[in-house]
Structure formats: C-alpha cells, structure tokens
K.L.:
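My questions will all concern the structure given below.
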Amino acid sequence: MKKQRVVVVGNGMVGHKFIENLVNHASASDFDIVTFAEESRLAYDRVQMSSYFSGATAADLALTTGEYYQEHGVTVRLNEKVTEINKAEKYVVSESGHKESYDKLILATGSYPFVPPIPGANQPHCLTYRTIDDLEMIESSAGQSKVGVVVGGGLLGLEAANALKCAGLETHVVEFAPRLMAVQLDDGGGKLLRRKIEDLGVQVHTEKNTKQIVAGETCRYRMNFADGSFLETDMIVFSAGIRPQDALAKSSGIALGERGGIVVNDQCQTSDADIYAIGECALWDGKIFGLVAPGYSMAKVAVSQISGGSDEFKGADMSTKLKLLGVDVASIGDAHAVTPGAQCYVYNDGVGQIYKKLVVSADGKKLLGAVLLGDVEAYGNLLQMLLNDMTLPENPEALILPSFDGQAPVGLGVDALPDTAMICSCYEVTKGQIKEAVAAGAVDMGGIKASTSASTGCGGCAALTKQVLDAELTNLGYEVKTDLCEHFAYSRKQLADIVRVKKIKTFAELLASHGKGHGCEICKPTAGSILASFWNDYILKNEHIGLQDTNDIFLGNMQKDGTYSIVPRVVAGEITPEKLIVLGEVAKEFNLYTKITGGQRIDLFGAQLHELPLIWKKLVDAGFETGHAYGKSVRTVKSCVGSTWCRYGVDDSVGLATDIENRYKGLRSPHKLKFAVSGCTRECAEAQCKDVGIIATEKGWSLYVCGNGGMRPRHADLFATELDRETLIKYIDRFLMFYIRTADRLQRTSVWLENLEGGLGYLKDVVINDSLGLGAELEAEMQTTLGNYQCEWKTTLEDATKLSRFKHFINSDEVDDNLSYVMERGQRRPATAEEKASASSTAFKAQRIDVLEVAE
Amino acid sequence: MSEWISVCKDKDLLPGVGLCALHLGEQVALFKSDVTNEIYAVSNYDPIGEANVLSRGIIGSVGDAVVVASPLYKQHYNLQTGQCLEDETVCLKTYATRVQGDSIELALGS
C-alpha cells in the first residue's frame, strides 16, 4: 500500500501531540509525516512558560527533539510559515515557496495574543506573552525597565505577571473587568485572589479601560485610562485573551465561525473532509478551547480518524486547577451559577484566606460547579462528582467545610466512582486503569506513576490517585505492608524512630527488643545505616561489622570477580597535579584498571583484599581520604569551574562545592546521595539531576532537590531561590535529615518525594517554614553526626586488628586462584568464563604482590 | 572416624562475620551465628556469581534456616545443607566443624 502523506501545519503543543500519537499508533508505518513550524523551535511547553524566569531554559521547556522526529521519520520544516492551501490539488505552499502535497492536512495553527486596538500599543517595550521569542524580548526589555504592566487579569495575564515579578520588576496588573480571572472565578473568589496577589507585591487595577499609551514622566510610558486616571510604566505585556490563528484557513476558503475559528465537526474535520483542525484554532460547537487538555483530545481524535478509527470529540470539561503566583486556584463547571435555579454554598475564611463555593442544582441533589481558592484539596473529589453526575451527600456543605479534631474530611469515597472515571486528565488515566496497574503489582505511588503516568503531568490528581490506590489495595485484601523483612514488623522509618527515640546503639539490642530470628541481608545493613546515621560510630567496630555489606566492611566496591574498586575522594572534582600523579603511580604499581567516574573522580579496579591496605596506605599518606563510593552515603559534589575561571561564571561554584562536600562527606543515608553546584544557569554541573542541586544566580543560590539520573531520570524540583550561603546550608541540613529520618530503605530522594504525602509543598513547609517545629532538632542532629566524621580508611590503617581481615585466607597467604585477566585497550579486565576455559586464551592469573610494609 | 584439621583460631571468627579458610586446597567459608554462636562451613565459591566470595556475605535466617546471602547477587544458601533457596539445582559443599581447644577444625574426609 502506498503511504499516506500527512502534513501538519503548526508544531505547538497540540501539533506535536498529534505527531507523537501518530508515530506511536499501530498503523504508524502507513504514514509519511511532514510538519511545518512558523517558529524557529520545535514544540515546547507553553503552560510552564513563566518558569523561564525562575531559571528554566528553552531546552527545559522543549517537549521534543530533532532526534526524536528524525528517529520516527518525521520531516520538520522549521521557520517556514505555510501561506497557501490548494484544496483541489491537495498541496500547501510555504513562505519560501516550498510546495508539499498531502493526503491529509492537519491544521494545528494555535492562537495569537489579542492586542487591543489602543493608540501607542505598537511601540517598543509593548510586548505579548505567547512564545519563547516573546519571553526573550520580555527578558531583554525587563533588563532596561523598573516597572512593568500586564494588561489582562485572566489566567495567562497572571502567569505573565509572575514572569515580570520573577524578572524583578515592580509589577502591575490592569484588568478591564471588575475582578481577576473573570471567566473562572466569581466575585468572592476574585476578591480574595486580588488580596492574595497584592500581598505578594503585585498591584492590581480593575475596571481600567486603557485609552492610549503616551510618553511618561517618571517612566518610559504613561497609560491613560478612560476614567481619567493613569499609570506610568517602562514596559507593557498584553495578555488580554487569545484569538484563533485562522488566517490560512480563511484565505484558503475553509469555513470559519462568525467570530473566527476553524469550524470542525465531532471528527475534527473542517469543511474540507481531508483537512482537520485541532487545538486552539478549532471551533467546535461554537466554542474555542483555550486549554491544552481539550487540544490533546482533539489530536487523539484526528489520529484515530485518519487511521480508520472512530473516536469522536465530545467537548471538554473546562475545569482548571492551578497555582498562580503561588496561590492555589480552582474552578469547576458552572462556577458562576448561571444554570437556572442554581443554588450556592459559600465558605469564606478571611483570616486563613480561603474561599470555597459550591454551585448545586435547584433540587440540591447534583453538583453544577465550584470555585476554590487558597485550599483546593477538594478539587479532585468535586470534579469527579460533577463528571460522573453523582448524587451529592446529604449535607453538601461538608464538602467545603474544614474538618476539625482530626476528623477525616468528607469526601465521596473513591469506591463510589465508576471504573470509567477519568482520574488523571493530563494522561487520560481512568480509575479502571489504576486498578489494573495495582493488580499488576504497582502497589505504591511510584509504581502507579511509572506504569500509568497518572499524576505525572500537572500533579493535580495526586491525592485522588493515592485514594484510588489505597482503596484498591484494601479491596484486593492487601494489608498495606511496610514491614522491612521477616525479622522486623516495622518500616525503615519506624525503625529509625525506634533507634533515635530509644537510643538503641547495636543491632543485637534492636533485634532482641523489636525483632525476631537472626536478621538478614536486608535488615542488617538497614539497621547498620540507621545506627550510623544517628550515632556515626565507626562502622567496623565488632558489634557493627556483621551488619555491613561487604563493600562497607572492606571499604571498597566489590566487582564481579570478587575484587574491589577504589575511589578516593576528590573534593568537588578539584585535584592538584601532584595528587593526580600519586593516583597514576599507585594504579601503575598495583596494575589497577583505571577509569574516570561520572562524579568527577577516578576509579581504580581490580584490587585484591590484601592489596587494599597497601594501596590505601599510599593514598592516605599522600593526603587522600576515602570517597565512600562503597556506602549508602554522600558520594560527590560535582561542580563546574565557576566564576574563578569561567567567563560566564556568576559565583564560586568550586568553593561552595568544596565546603559542601567537606561538610556532608561520610554522612550515611537510606541510599546514595549526589550533589552538584553550577556557577551559572548554563548548568554545566548538571545540578538538576542530583539529589541536591545548587545553581548560582545574580541574586544568590537557587536550590533544587530530589533529582535523579540513572535508571529513572527525574528533573530536580526548584526548592528555593535567592539564598545566601547560611540559609542554603540550613535548608540542606534540614532536608537531608528529614530524608534520612523518613525515607524507606534504598529509596532515593526522587522516589521518596513522589511518595511523600503532600509532595513538594509539604517538604517546603517542613524545611522552609518549619511547619513541624523540627528545624532546630534536625540541624542539631546533623551537627552531631557531622562532628563524628572520620576517614574510615585512616581509622582502619591505624588498627592492626582490623587490618588482619584484609586477606583472602585466614590461614594462608595464597591469593584467590580463580582470578584471571585479559588485556584490553592497554589495561587488564576480568576474563570471561569462555576465556578462562579456553586453552589458547591469553588470560593470565592474578599474582600476589608482596609489598613490603603494612602499617601494623 | 574422621580426622580433623585446624583452620583458624576460634577468636578469629567473629559472630556474624564470615571468614575464608584454605582447607586441603579448597576454599571454605566459615561463619559463626551472631545469635547461637553455632559454627558453619560451606564452599566459598558462589556457583551463580562464579566467584569465591561467599565468606563475604551477610548471615541471617530465612524462616528457621540459617543462611548466607551472596554478596554478588544475593541468593541465599542454607548453611546447614548448602542448598540454594532460590534455585533447587544449586547446592554448596558443606563441611563438618568442631571447636577443639582454641581452634576451629574441619573434618578431613567431609
């Protein structure tokens, strides 16, 4: 069969989603895909654009890459606006004259910002907020401005205001309507939102109709309003709504709505059956959908339609929940109570700054809509109630009233939801799919996220997803078991509390008082780690040594043949030539395979037990310390060269990295911990994939937490900005100790955070606002632990009785005769089983290296 | 009647921490339970990880069985019988032990 040629005009979020869906579709190989983008960039996340001003880069916002398209055979034509559609001969023509024929044409041209026809609105520093190019212009204009105004107090306008505020400007919002977010909020909600936003230092001016923009006296411009008042500002960002980008369709004779928008049917087809329109340019049932989720649904429908499916677009729920300028806002269904006979319940807490409203049907039985401000926890439940047309409980007001005395808040109970209920609308995950995932073995939030993607988009459904998960576990008869192993009926966190509170100092004590059996390879190292975290005793004391994995006992990393690798600490990746030469000389003397690690250190492989003390004696004498590469502990603080050498460096990243590594080295934790410090937002140290990442900005240090590379990569979350050194260290102290106290065994910070109830917000509350009142205690614990630091190798070398362990046989000086090596690229590596067996092989045996003095 | 050969001092073998001894050309992993002080001896070779490492594993219990977990891939071996708990086709050679005076001895013909 000849391939169908699909041309996609527009590579925004929806255009990209269409392509992504199509290339992943079962019949993907039936299609050739060409996409035109007017912008110079491939699709990026327009929803998160204001994060650009808190450190995110254009690359962070990107949704895809050129490689991805190439891999899937998608032809991309960047910087090429399509100017003509020839429907009769089925081809399009671009600005540069390029002609591309199609079998199916997808219009995903999006929208453009509406700029009101105000005299003076087309001057320099009068900008819009839609594209990354716009952001760059806003950034550059903000650099030459002190005051900024956003025209438009809707959702996007407040996003733009956030951007200006982040850029450090005195920020004003000018709105034509009497309240902010007029579409989503009622009067009460609008008022409280205004108060909250003004508390943040953003000035709000409502009922202002801008008449003209003229030269200013104290600022660059003056905005004159219809009521005779005025406002002076250096720059203006227009964000007064969007208009569908339908010019191409119009000039090509495709039917438009009366007030614009490309008319589509339930199949997303335009007036020409081979041409589809999806996203913000499409007009369905007289409506434009200015949110991304409906656009994604249309993309899905269009893919289904052109590949022989029968999906249809049935409209979309426009309920939203978001955080604007740090304020939680949610709007559901008929927020304005315009349904005939609609009645309202309102809860207005002026002290706690919380506003909630329920809109219910005339008979009081069904939910019609809701507005939530300041506390949006009820969003998930209320939305489900609306979408599934469920009957309200007897006292509906309880749904928005706060609960006291630890009573559980009234909800609808997830058991009442049908399996078809959409729990995560970002990834279209239903309750039924979550149930299936649980049945297939995903028994925690991390597992649900990995297998269904639920609550990995906006995260708004996290609480609801957790409820479905827990309910399902109960239904399946799982007792949600957090027991560490058969010997302890406690989770790691509980054991850690027991050890801390009861001041238990040995495993024997712990096993006798709280466990049973002999222990095992799970609970012993866990207890060892907890004991070390809180008391930081030398881990090779007789009472602790049996708890440690072999790596911890021999202070090296066991490799596949039973030999060890050695990683001395190279603080912050900075090393003198003298020390580098020592490493080279040691490696040469003991014939160690040598490789650079990802953490800016040097790994020496192939050391036998009896060689370890000989090697470390030389290293310690040369000033090296153990790198703890063998432990579940602080590994490295990677750094870029920073302001001391780099032309672009903003602050001394190596200096800070050195201080931090020296501060936390040796700290034991539930899993390994990696840090990085970058000297500027170019982020050469890759701090955003570390457990703790620090990036220098002009205004101080930005702290990122809970990132991860490796098997399950996770971008770190921005935790706090504009920090001085003292505050930074305080936050890291508290963060690490809280993690050590509460994480499960072998749980990296990334997974810990994903499973932490309340998520990032809760963590910030605990660490920054000290909501649990634990701050001082966590810091003191850290201080005690760090005060007990010792280089384990130095301690070991000074103790002859410990050194006697470092030999293969207790009763012989022979070496392990199973060790066998082959040379490869100038170094030795373990021989494979075949190489060992083969007579003609060049494999050679390890030899005993009898070196002279051992410190005894 | 079997004969016995001393492999190390009793005090060398700490409770809960394994040791490797060379016994008639064979590598033997020795353990002393940190709960009962009972002594066990099995082959030091981990047939799954294909390396002489078992003396460096952690000892503990699975149900009533006293076991060592391989430090390479964590399979459990019953110290009494040598049986691998995860793979019934794998079994370690075991050695009879006794404490004689201040020495630990292994049986010659075991």
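These numbers were taken from a predicted model, which means no experiment stands behind them. Letters A, B, ... are given to chains in the order of the sequence lines, protein chains preceding strands, and every chain is numbered from 1. Side-chain atoms are counted along with the backbone in the values below, which use heavy atoms only and exclude waters and symmetry mates.
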K.L.:
If you count heavy-atom pairs under 4.5 Å between each of B:Asp34, B:Asp46, B:Val67, B:Leu13 and chain A, which one has the most?
P.N.:
B:Asp34

K.L.:
Go through the atoms of B:Asn44 and report whether side chain, backbone, both or neither lie under 4.5 Å from a heavy atom of chain A.
P.N.:
side chain

K.L.:
Please classify the contact between B:Ser33 and chain A as side chain, backbone, both or neither, with a heavy-atom cut-off of under 4.5 Å.
P.N.:
side chain

K.L.:
Yes or no on side chain to side chain contact (heavy atoms under 4.5 Å, CB included) for B:Leu14 and A:Asn542, after CA distance, side-chain angles and deciding distance?
P.N.:
CA-CA 8 Å; B:Leu14 291 177; A:Asn542 283 352; 3.5 Å; yes

K.L.:
Keeping the roles fixed (side chain from A:His487, backbone from B:Ser61), state whether a donor-acceptor pair exists under 3.5 Å.
P.N.:
yes

K.L.:
Could you tell me whether the side chain of B:Glu50 and the main chain of A:Ala833 form a donor-acceptor pair under 3.5 Å?
P.N.:
no

K.L.:
Has the side chain of A:Asn811 got a donor or acceptor atom that lies under 3.5 Å from a matching backbone atom of B:Ala21?
P.N.:
no

K.L.:
Side-chain contact, heavy-atom cut-off 4.5 Å: A:Arg805 with B:Val17?
P.N.:
yes

K.L.:
Any side-chain heavy atom of B:Val53 within less than 4.5 Å of one from A:Thr550?
P.N.:
no

K.L.:
Do A:Ile553 and B:Arg56 have side chains that approach each other closer than 4.5 Å (heavy atoms only, starting at C-beta)?
P.N.:
no

K.L.:
To the nearest 0.5 angstrom, please state how far the CG atom of B:Asn52 sits from the CG atom of A:Leu819.
P.N.:
7.5 Å

K.L.:
Keeping A:Lys524 on the side-chain end and B:Ile59 on the backbone end, is there a donor-acceptor pair under 3.5 Å?
P.N.:
yes

K.L.:
Roughly how far, to the nearest 0.5 Å, is the SG atom of A:Cys520 from the NZ atom of B:Lys74?
P.N.:
11.5 Å

K.L.:
I need the A:Asp817 CG to B:Leu22 CG distance, nearest 0.5 Å.
P.N.:
8.5 Å

K.L.:
Can you find a heavy atom in the side chain of B:Asp64 that is under 4.5 Å from one in the side chain of A:His518?
P.N.:
no

K.L.:
Enter the distance from A:Phe809:CZ to B:Leu19:CG here, rounded to the nearest 0.5 Å.
P.N.:
12.0 Å

K.L.:
Atom CG of A:Asp549 and atom CD1 of B:Ile58: how far apart are they, to the nearest 0.5 Å?
P.N.:
4.5 Å

K.L.:
Below 4.5 Å from any heavy atom of chain B, which atoms of A:Leu547 appear? Answer side chain, backbone, both or neither.
P.N.:
backbone

K.L.:
In Å and rounded to the nearest 0.5 Å, what is the OG1 to CG distance from A:Thr801 to B:Asp12?
P.N.:
11.5 Å

K.L.:
Tell me, do B:Val68 and A:Glu521 make a side-chain contact under 4.5 Å, heavy atoms counted?
P.N.:
no

K.L.:
Flag yes if more than 12 heavy atoms outside B:Glu88 fall under 6.0 Å of its CD atom; otherwise flag no.
P.N.:
no

K.L.:
Chain A heavy atoms under 4.5 Å from B:Val62: which part of the residue, side chain, backbone, both or neither?
P.N.:
both

